[in-house]
Trainee: 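Let me begin by handing over the structure; questions about it come next.
Every chain is numbered from 1 and lettered A, B, ... according to where its sequence line falls, protein lines coming before strand lines. Excluded from the calculations below are hydrogen atoms, water molecules and symmetry mates; all remaining heavy atoms, backbone and side chain alike, are included. No experiment lies behind these values; they were computed from the predicted model shown.
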Amino acid sequence: MPELPEVETVRAGLAKYVTGKKITSAQAFHPRAVKPSSIAPITSLAGSRIKSVQRRGKFLWLTLDRPYALVAHLGMSGQLLVTPTTTSPHKHMRARFMLSGGLSRSNNEIRFVDQRTFGWVGVEEYAGDVPISVAHIALDPFEKEFDLAKVINRIRKRKSAIKPTLLNQEIISGIGNIYADEALWRAKIHPEIVCEDLSKAEVKRLINCAIDVMQEAILAGGTSFDEQYKNVNGESGYFERSLAVYGQEGEPCPRCGSAIARIAFANRSSHFCQRCQR
DNA sequence: CCTAACTCCTGCATGC
DNA sequence: TGCATGCAGGAGTTAG
């Protein structure tokens with residue numbers, strides 16, 4: 001599911017509902033739901049207070065009044081739902097965190113729900129400003145330290161195709177398959193073009209298109225195709241209706257009208273317009 | 001240093 | 001209806 005706009009929607013929802021609350025108890029229900037490198041069991045979070053909710057790229061973490069963080073990655077199908085404790089358990093509930101205090105009294109639980117179990121939660125110490133598992137992840141383009149010129153130069157040295165480079169979280173974080181395809185379409189760049197062959201202006205245009213499309217998606221509450229992406233209230237986003245190419249194989253290009261193509265490479269689907277994107 | 005291939009899962013759509 | 005196949009928003013590991 002979730003790329004930067006969806007994770008940011010979840011982050012903002014969590015920040016609104018759980019900041020300042022105390023975790024009174026916590027449990028995990030599935031062995032793969034907890035990151036193996038976690039330094040402590042989920043149950044040990046009991047008694048800690050949530051100070052803030054942070055994000056870099058697709059990684060989320062809660063800062064606590066302790067020298068470690070509760071980190072989460074949603075993988076392909078993870079959800080973090082804020083619910084009343086009386087809500088009946090979800091089918092794929094992998095962990096739960098009971099809360100007390102704070103401003104909103106009715107929603108006193110965070111549930112980690114994940115059908116495919118590619119997502120995880122974990123307890124981690126910090127490496128500088130971010131938890132250990134986030135340390136190798138590049139800045140995302142919404143962080144104020146994000147250095148556009150540096151990223152452009154790095155991309156332009158690469159000999160691989162531009163699409164897998166956009167998906168590489170160690171170069172620029174937050175972009176997944178949907179927004180990579182949408183950004184390439186907006187910038188009129190073919191996904192298989194080699195990075196080295198792109199001009200500085202083209203790479204700059206591409207990253208700015210990625211920023212624009214993700215910003216618009218955040219305002220729409222993210223992209224939801226099915227039941228796999230929900231915000232913390234269990235609601236779908238509505239950016240799906242604004243997608244130009246992702247999932248639009250055979251549909252007319254919104255710019256030139258020719259049919260959107262889908263190809264598979266680097267183990268993923270790519271959707272693009274063969275006329276607009278050379 | 002880099003890249004490609006493979007892996008971890010469940011559930012749904014499709015085709016025979 | 002049943003079964004096999006392919007496909008899905010991610011990222012870590014390994015081999016080369």
Trainee: Answer yes or no: is there a donor N or O on one side and an acceptor on the other, between the side chain of A:E109 and the main chain of A:L99, under 3.5 Å?
Mentor: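 Here the side-chain-to-backbone pair does not exist.
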
Trainee: To the nearest angstrom, how far is A:F118 atom CZ from C:dG12 atom C1'?
Mentor: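 About 12 Å, once rounded to whole Å.
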
Trainee: How is A:H136 classified with respect to the nucleic acid when contacts are heavy atoms under 4.0 Å: base, sugar-phosphate, or nothing?
Mentor: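 Contact class for A:H136: sugar-phosphate only.
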
Trainee: Within the 4.5 Å heavy-atom criterion, are A:I132 and A:S37 side-chain neighbours or not?
Mentor: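 Of all side-chain heavy-atom pairs linking A:S37 with A:I132, none is under 4.5 Å.
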
Trainee: For A:F29, is the CZ atom crowded, meaning more than 12 foreign heavy atoms sit under 6.0 Å from it?
Mentor: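 Above 12, so yes.
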
Trainee: Give the rounded distance in Å between these two atoms: CG of A:L74 and P of C:dG10.
Mentor: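 For the pair A:L74 CG and C:dG10 P, the rounded distance is 11 Å.
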
Trainee: Between A:D65 and A:S48, is there a side-chain donor-acceptor contact under 3.5 Å, judged purely by atom types and distance?
Mentor: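 A:D65 and A:S48 do not have a side-chain donor-acceptor pair below 3.5 Å.
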
Trainee: Check every strand shown and say whether A:K157 touches a base, only sugar-phosphate, or nothing at a heavy-atom separation below 4.0 Å.
Mentor: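 No contact.
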
Trainee: Specify the separation, in whole Å, of atom CD of A:E170 and atom C1' of C:dG10.
Mentor: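 Atom CD in A:E170 sits about 13 Å away from atom C1' in C:dG10.
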
Trainee: Separation of A:E240 atom CD from C:dA8 atom P, in whole Å?
Mentor: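 Rounded to whole Å, this separation is 15 Å.
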
Trainee: Partner of C:dG9 by Watson-Crick or G-U wobble geometry, both contacts under 3.5 Å, or none?
Mentor: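 Because no pair has both required distances under 3.5 Å, C:dG9 counts as unpaired.
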
Trainee: Identify which nucleotide among C:dG9, C:dA11, C:dG12 has an atom closest to any side-chain atom of A:H73, counting heavy atoms from C-beta outward.
Mentor: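 Nearest to the side-chain atoms of A:H73, counting from C-beta on, is C:dA11.
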
Trainee: How long is the line joining CD1 of A:I132 and P of C:dG12, in whole Å?
Mentor: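 Nearest whole value for this atom pair: 14 Å.
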
Trainee: So, A:T223 and A:Y179: side-chain donor and acceptor under 3.5 Å apart, yes or no?
Mentor: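 Yes, because at least one side-chain N or O of A:T223 sits under 3.5 Å from a partner of the opposite role on A:Y179.
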
Trainee: Tell me the partner of B:dC9, counting only Watson-Crick (N1-N3 plus N6-O4 or O6-N4) or G-U wobble (N1-O2 and O6-N3) with both under 3.5 Å; none if nothing fits.
Mentor: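 Across all strands, not a single nucleotide pairs with B:dC9.
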
Trainee: Distance check needed: C:dC7 P versus A:N267 CG, whole Å only.
Mentor: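 Roughly 11 Å, once rounded to whole Å.
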
Trainee: Could you give the distance separating B:dC9 and C:dT13 at their P atoms, to the nearest angstrom?
Mentor: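 Taking atom P in both C:dT13 and B:dC9, they lie 16 Å apart.
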
Trainee: Scan A:R94 against the nucleic acid and name what it touches under 4.0 Å (heavy atoms): base, sugar-phosphate only, or nothing.
Mentor: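 Counting heavy atoms under 4.0 Å across all strands, no contact is made by A:R94.
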
Trainee: When all nucleic acid strands are considered with a 4.0 Å heavy-atom cut-off, which category describes A:T165: base, sugar-phosphate, or nothing?
Mentor: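 Nothing, no heavy atom under 4.0 Å.
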
Trainee: In whole angstroms, how far is the P atom of C:dC7 from the CD atom of A:Q115?
Mentor: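 In whole Å, C:dC7 P and A:Q115 CD are 18 Å from each other.
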
Trainee: In the strands shown, is C:dT1 matched to any nucleotide by a Watson-Crick or G-U wobble pair with both distances under 3.5 Å, and which?
Mentor: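 WC or wobble partner does not exist here.
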
Trainee: Could you tell me how far B:dC6 sits from C:dG6 if I compare only their P atoms? Round to whole Å.
Mentor: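 Each nucleotide's P atom is 14 Å from the other's.
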
Trainee: Quick one: is C:dG9 close enough that its OP1 or OP2 comes under 4.0 Å of any side-chain N or O from A:Y179?
Mentor: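 Checking A:Y179 against C:dG9: no side-chain N or O falls below 4.0 Å of OP1 or OP2.
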
Trainee: Just checking, any donor-acceptor pair under 3.5 angstrom between side chains of A:S52 and A:Q54?
Mentor: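 Present: a donor and an acceptor within the cut-off.
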
Trainee: Shoot me the first and last contacting nucleotide of DNA chain B against chain A, ordered 5' to 3', at under 4.0 angstrom to non-hydrogen atoms.
Mentor: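 Boundary nucleotides touching chain A, in 5' to 3' order, are B:dC2 to B:dG11.
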
Trainee: Can you check the A:F225 CZ to C:dA8 P distance for me, whole Å?
Mentor: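 Checked: the CZ to P distance equals 11 Å.
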
Trainee: Just checking, is any N or O donor in the side chain of A:S160 or A:T165 under 3.5 Å from an acceptor N or O on the other one?
Mentor: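 Per modelled atom types, A:S160 and A:T165 side chains form a pair under 3.5 Å.
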
Trainee: For A:E249, give me all partners under salt bridge (Lys or Arg N to Asp or Glu O under 4.0 Å), at least two apart in sequence or on another chain.
Mentor: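 Testing A:E249 for salt bridge (Lys or Arg N to Asp or Glu O under 4.0 Å), a comparison that skips the adjacent residues, returns A:R262.
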
Trainee: Using the side-chain heavy atoms of A:P2, tell me which of these nucleotides is nearest: C:dA11, C:dA8, C:dG10.
Mentor: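 In terms of side-chain proximity for A:P2, the closest of C:dA11, C:dA8, C:dG10 is C:dG10.
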
Trainee: Can you check whether A:T223 has a side-chain N or O nearer than 4.0 Å to OP1 or OP2 of C:dG9?
Mentor: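 Indeed not, no polar side-chain atom of A:T223 lies that close.
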
Trainee: With DNA chain B as reference, determine whether A:R158 or A:H92 sits nearer its 5' end, using the nearest nucleotide of each.
Mentor: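 Result: A:R158.
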
Trainee: Can you say whether a donor on the side chain of A:R268 sits under 3.5 Å from an acceptor on the base of C:dA8, or the other way round?
Mentor: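 It does not, because no donor-acceptor pair links the side chain of A:R268 to the base of C:dA8 below 3.5 Å.
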
Trainee: Check the hydrophobic clustering (I, L, V, M, F, W, Y; side-chain heavy atoms under 4.5 Å; chains of links allowed) and say if A:V18 and A:V123 are grouped together.
Mentor: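 Linked, A:V18 and A:V123 end up in one cluster.
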
Trainee: Looking only at the side chain of A:F59 (C-beta and beyond, no hydrogens), which of the listed nucleotides C:dA8, C:dG12, C:dG9 gets closest?
Mentor: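 So the side chain of A:F59 is nearest to C:dG12.
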
